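Report on one structure; see the data block that follows.
Labels below follow one simple rule: chain letters A, B, ... track the order of the sequence lines, proteins then strands, and each chain is numbered from 1. Because the structure is a prediction, the values reported are computed rather than measured.
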There are 2 protein chains.
Amino acid sequence: MPYTYEFARPNLTVDCVVFGLEEENYRKRSPDEPPLQLKILLIERNLPPFKGEWALPGGFVRVEESLDQAARRELREETGIEEVFLEQLYSFGEVNRDPRERVVTVAYYALVNLWKYRLQAATDASDARWFPISQLPPLAFDHDQIVTVARQRLQGKLRYEPIGFELLPEKFTLTQLQRLYETVLAAELDKRNFRKKILNMDILVALDEVQQDVAHRAARLYRFDEEKYRQLKEKGFNFQI
Amino acid sequence: MPYTYEFARPNLTVDCVVFGLEEENYRKRSPDEPPLQLKILLIERNLPPFKGEWALPGGFVRVEESLDQAARRELREETGIEEVFLEQLYSFGEVNRDPRERVVTVAYYALVNLWKYRLQAATDASDARWFPISQLPPLAFDHDQIVTVARQRLQGKLRYEPIGFELLPEKFTLTQLQRLYETVLAAELDKRNFRKKILNMDILVALDEVQQDVAHRAARLYRFDEEKYRQLKEKGFNFQI
DNA sequence: ACTTTAGGTGTAATTCATACACTTATTATA
DNA sequence: TATAATAAGTGTATGAATTACACCTAAAGT
């Protein structure tokens, strides 16, 4: 069923940089390896061009769906991931970014709670795999450039909006949260100052629960109060770290 | 010369929100009207859909040009504007944003020095016109939404990067610069604190010149030192206002 | 000469960010 | 069961940055 147009049209695709945060197993890691790792989800291409190489999940935008819908659909189809934080990143349109055809891609980035999705991702017997951001394989097309832009955006965003909870389990400790910030921002933060700041934002709820099964004093668990966050955001409150 | 594809493809366009800053004539303006006005450049459509309405300058992306090139080409063709600050804004891809066909647009925003371009724009006998941002006519398509996003972006950008010089003449006074910030940010700033901050950034060069033909003490003129700005930016310097 | 207009300048008070160290609770182990 | 090991949890003093604020100066107009 071919489609004919008066003028040539570029292909239009969406691609997703999916970030996840993995807690490294204590046994396995060496003493100075970080306890958390930022990872992204890649798909092994089984079609040319770049067959056999790794690429961002994505695909063609259909005429009956919006860009956001296309990004969510591709994410669901290729990785089984649904209902995650997803935001448009940037559009990449260099003429030769695909060696064969003109393809313009609208890139998105997503934040995935790996505590929730790890199981599911494993069961979807697919060619998808999580890679530590510091050990990515060579990527197809200009996807390394897209990943670079996405990392910068994630850093910038995290500095100004409390977005990190998307990457953590529902109940988390302040230390986990701090490690998340340190991992993404690639900087060490002062424990007391971090806690002061984040608790002062008044968007965390201290639960009547503590960590289980830890070989030391158990930390209190918190959850993110999204409702309160929206109210404060409404009022122009500043969430800078 | 028709083009045939296996699958339907959305149209792909670029649109530009072109910002300019106009100094209002003293005689004409009422006492409490602001001395500077932020304006955007619109084109009157002479084809359906939305024939006769005003729209952002823009047009189809050709297969042999990048998105950035397309934006600059359209700007040149439709408004005669060249070599201005131009940055990608966001891509808009709702299914029905064009009532007749599926069109995805990559929006850009541009900053134009009206002291330099006013004459030129006048000579290009075209259907382009500058409108004060507070008195825009009804816009075609979803262009009002694009303008809203562009205004937010301009505000955000101006707060964190010394981008405002693009809107001013090469030589300007500190008061002009302050008015620019006040106009774009829609906020009053303290004169002494503003000067302290902007001069401390060390990106302005005080010239040995003062304003001419003013009916009061003439203000010193400054210019933006782009070279120094790049060096400081390199080092991660913070330009927040 | 006087009025009008905008230019130009410094300091004190307050707020915010930073640096920093010890006690507590829990489990593991000797 | 005492002790070691581990991370949790907590407050203050110092310095830096931001804010608020008012008067004199220079030039042209009347």
Spacing of [X] atom [atom1] relative to [N] atom [atom2], expressed in whole Å:
X         : N       : atom1 : atom2 : answer
Gln211(B) : dA28(D) : CD    : P     : 11 Å
Gln212(B) : dA28(D) : CD    : C1'   : 13 Å
Asn200(A) : dG11(D) : CG    : P     : 13 Å
Leu36(B)  : dA6(C)  : CG    : P     : 13 Å
Leu199(A) : dG11(D) : CG    : P     : 12 Å
Glu209(A) : dA8(D)  : CD    : C1'   : 17 Å
Phe172(A) : dA7(D)  : CZ    : C1'   : 18 Å
Phe194(A) : dG9(D)  : CZ    : P     : 13 Å

Kindly say if Thr175(B) contacts the phosphate of dA6(C), meaning a side-chain N or O under 4.0 Å from OP1 or OP2.
no
Would you mind listing every salt bridge (charged side-chain N to carboxylate O under 4.0 Å, His left out) that reaches into residues 229-241 of chain B, with sequence neighbours excluded?
Glu161(B)-Lys233(B), Glu226(B)-Arg230(B), Glu227(B)-Arg230(B)
Over all strands shown, is Arg220(A) touching base, sugar-phosphate only, or nothing at heavy-atom distances under 4.0 angstrom?
sugar-phosphate
Produce a footprint string for nucleotides 22-30 of chain C: one letter per nucleotide, 5' end first; B if the base is under 4.0 Å from any protein heavy atom, S if only the sugar-phosphate is, - if neither.
--BBBSS--
Apply side-chain hydrogen bond (donor to acceptor under 3.5 Å, both in side chains) to Ser91(A) and list each qualifying residue two or more places apart in sequence or on a separate chain.
Ser91(B)
So, using side-chain hydrogen bond (donor to acceptor under 3.5 Å, both in side chains) as the criterion, who are the partners of Asp225(A) when residues are at least two apart?
none
Listed partners of Glu87(A) passing salt bridge (Lys or Arg N to Asp or Glu O under 4.0 Å), at least two apart:
Lys157(A)
List for me each residue that meets salt bridge (Lys or Arg N to Asp or Glu O under 4.0 Å) alongside Glu182(A), sequence neighbours excluded, and say none if there are none.
Arg179(A)
So which protein N/O to nucleotides 13-19 of chain C N/O distances come out below 3.5 Å?
residue	atom	partner	partner atom	Å
dT18(C)	O4	Lys196(A)	NZ	3.0
dA19(C)	N7	Asn193(A)	ND2	3.1
dA19(C)	N6	Asn193(A)	OD1	3.3

Check the angle between the aromatic planes of Tyr90(B) and Phe92(B) and answer parallel, tilted or perpendicular using the 30° and 60° thresholds.
perpendicular
Is the Phe224(A) ring parallel, tilted or perpendicular to the Tyr229(A) ring (thresholds 30°, 60°)?
tilted
Which pairs with one or both residues in residues 200-214 of chain B pass side-chain hydrogen bond (donor to acceptor under 3.5 Å, both in side chains), sequence neighbours excluded?
Lys171(B)-Glu209(B)
Of all residues at least two apart in sequence or in a different chain, which pass the side chain to side chain contact (heavy atoms under 4.5 Å, CB included) check with Ala110(B)?
Val18(B), Leu75(B), Val84(B), Leu86(B)
